[in-house]
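Read the structure below first, then the notes.
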Amino acid sequence: MAFHQAWFQIEAPTAAGPYATLVATARAEAGAQMSLAWQQPPITTDSGMNLGIPYPRDRSNAARATCIEVLRQHL
């Protein structure tokens, strides 16, 4: 991700900010979800690997949509 951030700063500076926001948002959401997962008891069956309910990614999805829109404008 750092490579792509640097690349955007060079090749598409207008996309660098939205990409950085996407990365930070995804890391924040995933970090909270990983912390929660570590607090759960260990999985002991194959079926326990199924998530059942997906983790919310509303903020990441919105940041991704913004980043894609900026990239489309750049092209």
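Here the structure is a predicted model, which is why all the values come from computation and not from measurement. Counting from 1, the numbers follow the sequence of the chain as shown.
- By the salt bridge (charged side-chain N to carboxylate O under 4.0 Å, His left out) test, R59 pairs with E29, sequence neighbours left out.
- No donor-acceptor pair under 3.5 Å is formed between the side chain of Q73 and the backbone N or O of A15.
- For D46, the CG atom counts as loosely surrounded, since its 6.0 Å shell holds 12 or fewer non-hydrogen atoms of other residues, nucleotides or ligands.
- Separation of atoms CZ (R27) and CE (M34) is listed at 10.0 Å; rounding is to 0.5 Å.
- Closest approach of T14 to V70, counting heavy atoms only: O-CG1, 3.4 Å.
- The nearest pair of heavy atoms linking A16 to Q9 is CB-CG, 3.7 Å.
- Nearest heavy atom pair, residue S60 against residue T25, reads N-CG2, 3.6 Å.
- Pairing each heavy atom of I43 with each of G48, the nearest pair is CD1-O, 3.4 Å.
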Check the pair Q39 / L36 against side chain to side chain contact (heavy atoms under 4.5 Å, CB included), numbers first and verdict last.
-> CA-CA 5 Å; Q39 296 171 17; L36 179 62; 4.3 Å; yes
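- Considering all non-hydrogen atoms of both residues, R64 and L22 come closest at N-CD1, 3.6 Å.
- Minimum heavy-atom separation, P18 to C67: CB-CA, 3.9 Å.
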Run the side chain to side chain contact (heavy atoms under 4.5 Å, CB included) check on F8 and L71 step by step: do they pass?
-> CA-CA 10 Å; F8 279 130; L71 289 169; 3.3 Å; yes
